[in-house]
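For reference, the structure is listed below as structure tokens.
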2 protein chains.
Amino acid sequence: MIEEIPDIVISRLPIYLRELTRLAEEEGKLTTSSHELGKHLGISSAQIRKDLSHFGEFGKQGTGYHINYLVQQLRQILHLTREWNVAVIGAGYLGHALTHYKAFLDQGFHITAIFDNDPAKIGEQLDDIVVQDMADLEKTITELNIKMAILVVPANVAQEITDRLVDAGVRAILSYAPIYLKVPPDIQVSYSDPVVQMQRMTYYLA
Amino acid sequence: MIEEIPDIVISRLPIYLRELTRLAEEEGKLTTSSHELGKHLGISSAQIRKDLSHFGEFGKQGTGYHINYLVQQLRQILHLTREWNVAVIGAGYLGHALTHYKAFLDQGFHITAIFDNDPAKIGEQLDDIVVQDMADLEKTITELNIKMAILVVPANVAQEITDRLVDAGVRAILSYAPIYLKVPPDIQVSYSDPVVQMQRMTYYLA
DNA sequence: CTACAATTGTGAAAACTTACACGAATCAAC
DNA sequence: GTTGATTCGTGTAAGTTTTCACAATTGTAG
């Protein structure tokens with residue numbers, strides 16, 4: 001009876017949420033329609049309505065959607081009504097940048113630990129946290145109840161660190177490492193390899 | 001007669017290329033099969049063969065693929081046999097990190113300009129380039145023949161900067177800004193909003 | 001109160017993507 | 001040579017995703 005909702009639908013919800021928030025905050029709107037939302041996002045109105053229909057009926061015929069209400073519903077669906085502790089693995093330039101990334105905090109993602117195995121980096125202060133030795137990975141992740149990690153390490157150690165993260169209880173990984181990660185089926189991975197994204201685009205550049 | 005190749009196929013080619021390179025360099029392999037490649041990437045062998053068949057016949061029955069040859073072919077298909085000049089827009093933490101990102105250079109993406117409008121950042125030295133005033137955007141992009149840009153600016157200025165980039169001749173944009181960008185149909189955009197990626201994953205965390 | 005415009009939610013159709021399965025080719029072993 | 005194990009490329013089937021199009025509902029204007 002429980003309908004399996006396609007991941008491609010889930011992946012659009014944060015984008016709807018982002019735009020709805022912007023419509024409310026930047027444009028001061030209280031309501032919107034699937035047509036308006038779609039126009040702002042390059043998505044058809046039918047798609048938006050179909051996507052939302054997986055979770056309930058949030059709009060009203062003739063009127064559209066009350067933005068605050070829909071935002072609240074989406075945040076509940078996506079489990080964003082709580083805060084999430086996040087670990088960053090790798091304290092290179094990119095690890096630093098992501099640790100400082102303000103939007104994470106605004107959206108309830110608290111980076112509460114950062115790790116590296118370079119003795120020169122261990123102990124370094126970053127805002128309010130300190131770079132920890134990779135040896136303490138399991139201990140800290142367990143203690144801080146960290147379920148999400150951002151992986152910013154070289155490809156050759158990414159799989160082995162992923163295995164350790166999963167064993168320590170991490171359930172979702174955002175990976176910037178240029179390699180496919182083998183994980184158990186209940187573990188989520190999102191990939192973000194900038195080179196791969198650039199290489200897709202060069203195809204279209206004559 | 002010219003077959004239109006789906007973007008979803010194109011987007012897998014860089015991943016094949018990445019793994020093929022790794023197989024050659026790390027594991028010293030000279031040949032591979034669609035089955036082996038797929039096992040390393042979590043993709044079915046049929047999918048890989050079908051994808052490649054859009055572009056020609058690169059393998060041999062019974063034997064599989066000669067890695068070096070396939071790598072060379074993929075690089076040609078993706079227009080990676082030349083080098084690309086790239087501009088980074090925004091010299092915050094993330095802009096810095098991406099400018100330093102070594103893998104870009106390894107893959108033929110040369111970051112030859114970085115811009116910001118903060119007087120405190122303009123003039124700052126980053127490796128071998130200097131942070132330029134956003135006012136010089138058009139001039140520099142034209143002079144250096146830059147066709148690709150990495151956008152690392154706040155949402156509220158992202159669209160206006162995108163318009164300027166496109167007018168200046170940029171044809172592909174990798175955007176970290178948390179907003180949908182409206183561009184002409186012949187302009188490529190890749191999105192990489194870390195918050196959106198995290199929010200997709202929290203859906204699956206009970 | 002009635003007519004009209006806007007908009008939702010959704011079943012059905014269309015379009016797109018992936019997986020199956022098989023003939024043909026290749027190579028190694030005997 | 002012949003056999004058997006691999007593997008490719010591909011036509012077709014199956015599965016997934018998007019789009020269409022319409023009944024039902026809501027609000028507005030006269």
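Proteins come first, then strands; the chains are lettered A, B, ... in the order of their sequence lines, and each starts at number 1.
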Angle separating the five-pair end axes of the helix from dC1(C)-dG30(D) to dC30(C)-dG1(D), nearest 10°, is 10°
Pull out every protein N or O sitting under 3.5 Å from an N or O of nucleotides 18-22 of chain C, one pair per line with the distance.
residue	atom	partner	partner atom	Å
dT18(C)	OP1	Arg12(B)	NH1	3.2
dT18(C)	OP2	Arg12(B)	NH1	3.2
dT18(C)	OP2	Arg12(B)	NH2	2.9
dT18(C)	OP2	Gln47(B)	NE2	3.0
dA19(C)	OP2	Ser44(B)	OG	3.1
dA19(C)	N6	Lys50(B)	NZ	3.4
dA21(C)	N6	Arg49(B)	NH2	3.2

Pair listing, salt bridge (Lys or Arg N to Asp or Glu O under 4.0 Å) test, anchored in residues 184-197 of chain B, at least two apart:
Arg18(A)-Asp193(B)
Just by protein heavy atoms under 4.0 Å, how would nucleotides 25-30 of chain C read 5' to 3' in B, S and -?
BBS---
What are the residues of residues 15-40 of chain B, sorted by number, that bring a heavy atom to within less than 4.0 Å of DNA chain D?
Ser33(B), Ser34(B)
Examine the side chains of Thr32(A) and Glu36(A) and answer whether a donor and an acceptor come within less than 3.5 Å of each other.
yes
What are the 5'-most and 3'-most nucleotides of DNA chain D lying under 4.0 Å from any heavy atom of chain A?
dT17(D) to dG27(D)
side-chain hydrogen bond (donor to acceptor under 3.5 Å, both in side chains) between Arg49(B) and Ser34(B), intermediate numbers included:
CA-CA 6 Å; Arg49(B) 292 198 303 277; Ser34(B) 59; 3.1 Å; yes
Regarding Thr81(B) and Arg75(B), do their side chains bring together a donor and an acceptor under 3.5 Å, going by distance alone?
no
If you measure from the Lys or Arg side-chain nitrogens to the Asp or Glu carboxylate oxygens, is any gap between Arg164(B) and Glu160(B) under 4.0 Å?
no
Indicate yes or no for a side-chain donor-acceptor contact from Trp84(A) to the backbone of His79(A) under 3.5 Å, with no hydrogens or angles considered.
yes
Assess whether side-chain contact (heavy atoms from CB on, under 4.5 Å) is satisfied between Phe104(B) and His110(B), documenting all intermediate values.
CA-CA 7 Å; Phe104(B) 278 140; His110(B) 293 259; over 6 Å; no
Pair Val71(B), Tyr16(B) - check side-chain contact (heavy atoms from CB on, under 4.5 Å), show working.
CA-CA 9 Å; Val71(B) 162; Tyr16(B) 299 160; over 6 Å; no
Residues Asp163(B) and Gln159(B): side-chain donor-acceptor under 3.5 angstrom
yes
Leu126(B) vs Val131(B), test: side-chain contact (heavy atoms from CB on, under 4.5 Å). Steps then yes/no.
CA-CA 7 Å; Leu126(B) 258 115; Val131(B) 177; 3.4 Å; yes
Looking at side-chain heavy atoms only, is the closest gap between Ile179(B) and Arg22(A) below 4.5 Å?
yes
Leu151(B) vs Leu174(B), side-chain contact (heavy atoms from CB on, under 4.5 Å): CA-CA, chis, key distance, verdict:
CA-CA 6 Å; Leu151(B) 194 61; Leu174(B) 172 54; over 6 Å; no
Checking His54(A) side chain against Asp51(A) main chain: does a donor-acceptor pair fall under 3.5 Å?
yes
Cut-off 3.5 Å, side chains only: do Tyr203(B) and Asp7(A) have a donor facing an acceptor?
no
Gln197(B) side chain vs Tyr191(A) backbone, donor-acceptor pair below 3.5 Å
yes
